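Presented below is the structure to which this report refers.
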Amino acid sequence: MLLVEDGLGICVVHLSPLSLSLSLSLSLSGAGGGGNDVQWCFSQVKGAIDDDVAEADIISTVEFNHSGELLATGDKGGRVVIFQQEPENKSQPQCRGEYNVYSTFQSHEPEFDYLKSLEIEEKINKIRWLPQKNAAQFLLSTNDKTIKLWKISERDKRPEGYNLKEEDGRYRDPTTVTTLRVPVFRPMDLMVEASPRRVFANAHTYHINSISVNSDYETYLSADDLRVNLWHLEITDRSFNIVDIKPANMEELTEVITAAEFHPNQCNTFVYSSSKGTIRLCDMRESALCDKHSKLFEEPEDPSNRSFFSEIISSISDVKFSHNGRYMMTRDYLSVKIWDLNMESRPVETYQVHEYLRSKLCSLYENDCIFDKFECCWNGNDNVVMTGSYNNFFRMFDRGQKKDVTLEASRESSKPRAVLKPRKVSAGGKRKKDEISVDSLDFNKKILHTAWHPQENIIAVATTNNLYIFQDKLN
Amino acid sequence: MINTMECAMDAQSLISISLRKIHNSRTQRGGIKLHKNLLVSYVLRNAKQFYMNEKYAEIYRMQQYEEVMTVCNEIQELNPLDLAEDIAEASGDCCSQGAGSPLLMEPASVCCALPASNHSAHTPQQQLQATAACSAAAALALQNEEVCKETNSVFFRSCCAEAYPVTDCDFSSLSAVHCNKTTVLDLDTHVVTTVESGYLHQDCCAVPCQGAQAPAKKRKFDFGCYATESEEVPDFTPCKRARFEDFYCPHSEQLDTSNISNLISIFGSGFTGLVSRQADSEFSLNGQFCSKQTLASLGAWTRAIVAF
C-alpha cells in the first residue's frame, strides 16, 4: 500500500504511484540573479513518499519526446507513465507549464519461456519516442525480449444518438425503432488511450539493452548482448540482423554489446558500445552484416590504474550522440567521455563523475553497485552533459565553461522556490562544512536515469522510485 | 601488474565472492545476465592470476633458499657416512609427522620428505605420508609454470597411483611446498572451511589430463549454458568437460592444470566421492581416464560451475 501526499490530503494508491501522485510545484517569478550560470530550481516531484519502495515502482527509464511536451517513464513493473506539460500560463509567462499525468498503461507483462525454463522480466528497459506525424503519439517500449509500438491518442468527443444502441451500450430491439437519427459527436472529458499497434517479438535470444529509432523514421534498431537487429516499424514478423558478435565457441566470449544508437542525421550510421570500453561505428551501406566496423573508438588503458576491477569499470553503460551528430558521449562506471566522431584514438573530453569511488571498488563489487548502469544525456545545445551518481546526486558538466556541478534530488531540498545548492563530496582528509564524506554516501540511492528537455532547461531525474523535475531559474 | 594496494580484500576472498555471485545468478529472476557474469569472470581471472603470481613468487623465494641449502648439502655429501645418517634422521623426522600435518616452510624438512618416499625401508604408512607430502608438493609445483612444463608427466604418474614409488622426480624445485591451509567455499552448503594439506593429494589426480589436452586457443569462462538457441543444445554436453578446465584458465593454457587443483581446493565439495573412487583404484595411470572419472564424480561442483 502506498501513500501519496498531495496538497489536499493522502490517498491510497495501488497503481503506479507516479501516475496517481499530484505534484508539488512552484511558480518561478521574480527577478533572478545575474551571471550566465544556470541556477537549477526544484519544480516537481512525482511518486510515493513512502520509504519502503515496492520493486515494481522502481523507475527503469525516462525519456522526453521530440518536442519536450511529453515525458515518459517506465518501471520495473512493466508500466509506462506519460506526463504532459501544461500549456504556458498566459498570466504568468515566466512560468513553464508543469508536467501532469497524461496516460498510464501496462506495457509489458511477466512472461515465462517454457522451452528454456526462463522467466522474462516485465521491466521496461528503454522507451523511445517516434516523431509525431499526426494527432497521435507513438512510442517504442521494450523489456528483455519484446518491443512494442504504442499509440497514444486522445479522445475528447464521443458519438451519441445511435439508432440501434442505447446510450449505455445495450442493443435495442429493432422493432421498437420508430424514427431514425444521425449520431452526432458531443464533447466528453478528455480520455487518453494507449493501444499496442505492433509487437516485435522473438528476435532476441539475449537480453535487449537498447532501442533506437532511425532518422528515416521508418526503421529502428534493437540490441541485445550479442546482436543488433534492424526492424521496419510496419513489419513485425521479420527483422534483419546487422551485427553479430557471438563467437562460434561461447567459451571464447570476451565482450558483449552494452548499448547501441542510430546517428541523429545519417540514417546509414549507428554505433554500439561494448563491455570492453570500445565503441564501434558502422555504416550499413558497406555490407548487409556490419560485423566489420567502420570506426573503432578506444582509449588505451592507463596501466597505473590497473586493478581487479579494471574490466568492470571500463565497461560502457550508455552511449548517446550529440544532437548535431558531431560527437558522442559514453558513460563508464567512473567517468563520462566525449568523442569526436573524426578521432578514434581517444576522447576529446573526459569528465570524472565520482573518482573518489576508485578506492572503494572492492566494497562496491561486494554489494553489486559496481554493476550499476548509469545513463547520460546532452542538453539541447550540446554544451552541457548530465549523468547520475550515488546518494541521489547527479552531475552536470559544462563543456564550454569547463565547469561542473553536483546537485541532489531529495525531498529535503524540494521546497517551493528552492534553488538547488551545489553539493560536494570530500574524498578524504579534512571534511569541510557542508561537504559529505565518501563513507556517508548512501549507495542505495542511485540516479541511473536522467533526461533533458530537447529545447528548454528542464531536466527529469529519476531516483529509485521518484521522478524529480528541475528547471532553470527564469529571470 | 595489478595494483592491489587499494583493494581491501585478498584474492581468495574475491574469488569466493565472485563464485557466490555466479551461483546466485542462477536463481535470479529474468534469467542469467550474460554481461554481469562475464564481468564477474574477469574479476575471477584477475584474482586468480594475482593469487598464482603471489604463489609463484613465494615458490621462487623458497627455491632460492633451497638452492643455497642444496649447495651446502652437496658440500656435506663429500662425506658419505655423514650423508646417510643425515637423511635417515631427517626422513625419520619428517615422516613421523601425521599425514594431515602441514608441510613446513623450511626447505630442509621438505628435502627430507621428498626422498623419503623413495626409501624402501619405510613402512607403508610412512610411505603414504611421504607420498602425501610428495603429492602435495607436486600439486603445488604444478602451480609453478616452469615446473609444470618440465615435470608434468612424472608427477601425474606419481600422483595418480597409490603408493607408486617415485623414481625420477625432480624435486629440487619443489621447495615451496606450503600447501598448508586453503580456504574453501562449498557451493552447496555455502560453508567456508579451512582445509589441510592432505586434501591436495586428491586434487592432483584431477590435474594431469587437463594438461594433456589443454587447448591451444585461449579459453574463457564457458557461457555455453546460455545456450538458449536450439542449435546450441548439442554443444551442451561436450562443453561440460571443457568447462572444467576453461573456468579458471582464460588466456593461459599453461596454468590450466595448476588452476584445476586450485579450483578444486577452493570449491571443496563433492570430494568424498572422489576419495572413495581413488580407494577403488579405478584410476588408471592414464591421465585422461583419470580426469574423466574425476569429472564424473565432481557432481556438486560441476553443478555449481556448470550453471550456464
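Labels below follow one simple rule: chain letters A, B, ... track the order of the sequence lines, proteins then strands, and each chain is numbered from 1. Here the structure is a predicted model, which is why all the values come from computation and not from measurement.
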### Query
Of all heavy-atom pairs between A:V319 and A:E261, which one has the smallest distance, and what is that distance?
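Residues A:V319 and A:E261, closest heavy atoms: O-OE1, 3.9 Å.
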### Query
Are side-chain heavy atoms of A:R79 and A:H108 found at a separation under 4.5 Å?
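No, every pair of side-chain atoms sits at 4.5 Å or beyond.
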### Query
In Å, rounded to the nearest 0.5 Å, how long is the span from CD1 of A:I257 to OG of A:S274?
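Atom-to-atom, A:I257:CD1 and A:S274:OG are 9.0 Å apart.
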### Message
To the nearest 0.5 Å, what is the distance between CG on A:D439 and OG on A:S363?
### Response
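One finds 8.5 Å between CG of A:D439 and OG of A:S363.
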Less than 4.5 Å to any heavy atom of chain B: does that hold for the side chain of [X], its backbone, both, or neither?
X      : value
A:F112 : neither
A:S315 : side chain
A:T258 : side chain
A:D368 : both

### Task
Identify which part of B:S13 has an atom lying under 4.5 Å from any heavy atom of chain A, answering side chain, backbone, both or neither.
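Contact with chain A: none, neither part.
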### Query
Salt bridge check: are A:K123 and A:D75 linked by an N-O gap of less than 4.0 Å?
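No salt bridge links A:K123 with A:D75.
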### Message
Using a 4.5 angstrom heavy-atom cutoff, name the option from A:D224, A:I370, A:I312, A:D113 with the most pairs to chain B.
### Response
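Looking at each option in turn, the highest pair count goes to A:I312.
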